[in-house]
Protein chains: 2
Amino acid sequence: MYEKYVKILKDHTLKITSPRLEILKYLDEHHTHPNVEEIYSTLKKKYPSLSRTTVYNSLEILKKNRIVQSLTISGSELRYDIDERLHHHFICTHCGAILDISISCPNMDKTIQGGHRVEEVQGYFKGVCKKCQTKEKGMNNNG
Amino acid sequence: MYEKYVKILKDHTLKITSPRLEILKYLDEHHTHPNVEEIYSTLKKKYPSLSRTTVYNSLEILKKNRIVQSLTISGSELRYDIDERLHHHFICTHCGAILDISISCPNMDKTIQGGHRVEEVQGYFKGVCKKCQTKEKGMNNNG
DNA sequence: TTCTATTTTGTAATAATTACAATTTAGTTT
DNA sequence: AAACTAAATTGTAATTATTACAAAATAGAA
């Protein structure tokens, strides 16, 4: 059940610990780009000794090893994602949902720009998602 | 001296106030993508009655009017910029500097993606800037 | 089984931002 | 020019996300 995550940690010569396995599993099963609080409060139920600081620490070490990535898209908190093939993100300013945007962009290949060494590329799109637009329409029709 | 900023505010039917004029002038003269604290502490010297909350409020209203834009690139604080023609940003993980990146990208035109209404596009590049790379080399040579 | 560096844990601190109520003021009306 | 009012400014007090730190626990090596 956790073999997949054990392997990921082993491949990066990281120690196999419960918090790390649980966090990896959570991110792998929930591609909603959760924040620390969501990860913490969900896992805390199954694993009561879990500490919030451990979630912060674990995510940090997973990030350093490029296993997960953090998104600064919301502006108030970091959101986390299993680091898959390069893709961009859309955040809905109405409901807060963060959605994957799979478009190609010539700049996504981390090309060096003006002598700067680019190690990470993030494309953020902000607006109103399809669902929330539908809700808006409904509200107008009723009013 | 402030005519330019008075005009900007008038064009958006915003009240002409000292904090707004000072903040606009500061952003226009410092394209370093400052955070609230930098804007506040600098302006506080010339304008001692200025409140930090006012800086937050003013930036918020300037942002709503699309006069300035906020960047979530740093992950710990918002950085502000006079909203010029669309461009991207690079942040140096060594020195923290945020630099403009003027590259074209087919996705920058706020095209609707999968039915979502896109109102804002931000391209963030993270890595080590040219200057810091030079410093790194110097340090290795000396060590 | 022992050992040790690493990790986890909990609490306390820090930093950015927001809430809110009182005071002031820009711009309008008289 | 004086009065008026909605909006803006101000200061303080919360709130929220994150980091610092030290003690206890533990993974993996010896």
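So you know, we letter chains A, B, ... as the sequences are listed, proteins then strands, and number each from 1.
- Across all strands shown, A:Asn35 has no heavy atoms under 4.0 Å from either base or sugar-phosphate atoms.
- Side-chain atoms of A:Arg20 do not come within 3.5 Å of backbone N or O of A:Leu9 as any donor-acceptor pair.
- Using a 4.0 Å cut-off, some side-chain N or O of B:Thr54 falls inside it from OP1 or OP2 of D:dT10.
- Residue A:Ser58 is classed as a sugar-phosphate contact, given heavy-atom separations below 4.0 Å to backbone atoms only.
- Neither OP1 nor OP2 of D:dG11 sits under 4.0 Å from any side-chain N or O of B:Arg52.
- If you measure from atom CZ of A:Arg20 to atom C1' of D:dG28, you get 12 Å, rounded to the nearest angstrom.
- Sorted by first and then second residue, the pairs that involve residues 1-12 of chain A and meet salt bridge (Lys or Arg N to Asp or Glu O under 4.0 Å), not counting sequence neighbours, are A:Lys4-A:Asp28, A:Lys7-A:Asp11.
- In this structure, B:Ile101 is not a member of the same hydrophobic cluster as B:Ile73, with clusters built from ILVMFWY side-chain heavy atoms closer than 4.5 Å.
- Remark: P of C:dT17 and CD of B:Glu77 are 7 Å apart, rounded to the nearest angstrom.
- Listed nucleotides: D:dA8, C:dG10, C:dT9. Nearest to the side chain of A:Lys44: C:dG10.
- Residue-to-nucleotide proximity on DNA chain D shows that, of B:Ser18 and B:Gly75, the 5′-proximal contact is made by B:Ser18.
- Note on residues 45-62 of chain B: pairs passing side chain to side chain donor-acceptor pair (under 3.5 Å), not counting sequence neighbours, are B:Glu37-B:Arg52.
- Nearest-nucleotide assignment on DNA chain D puts the 5′-proximal partner with B:Lys15, out of B:Tyr40 and B:Lys15.
- When heavy atoms are screened at a 4.0 angstrom cut-off, B:Ser76 is found touching the sugar-phosphate backbone but no base atom.
- Between the CD atom of A:Glu37 and the C1' atom of D:dT16 there is a distance of 9 Å, given to the nearest Å.
- For the pair A:Ile16 CD1 and C:dT6 P, the interatomic distance rounds to 16 Å; values are reported in whole Å.
- Remark: B:Tyr47 is in phosphate contact with D:dT10, judged by side-chain N or O atoms under 4.0 Å from OP1 or OP2.
- Among the atoms of the strands shown, base atoms are found under 4.0 Å from some heavy atom of B:Thr53.
- A donor and an acceptor atom, one from each side chain of A:Glu38 and A:Tyr40, are nowhere located under 3.5 Å apart.
- Rounded to an integer number of Å, the gap from CG of A:Leu43 to C1' of C:dT8 is 14 Å.
- D:dA29 atom P lies 13 Å from atom CG of A:Leu14, rounded to whole Å.
- Between the P atom of D:dA25 and the CG atom of A:Asn57 lies a distance of 18 Å, rounded to the nearest Å.
- Across the protein-nucleic acid pair, A:Tyr56 atom OH and D:dC21 atom C1' stand 16 Å apart, rounded to whole Å.
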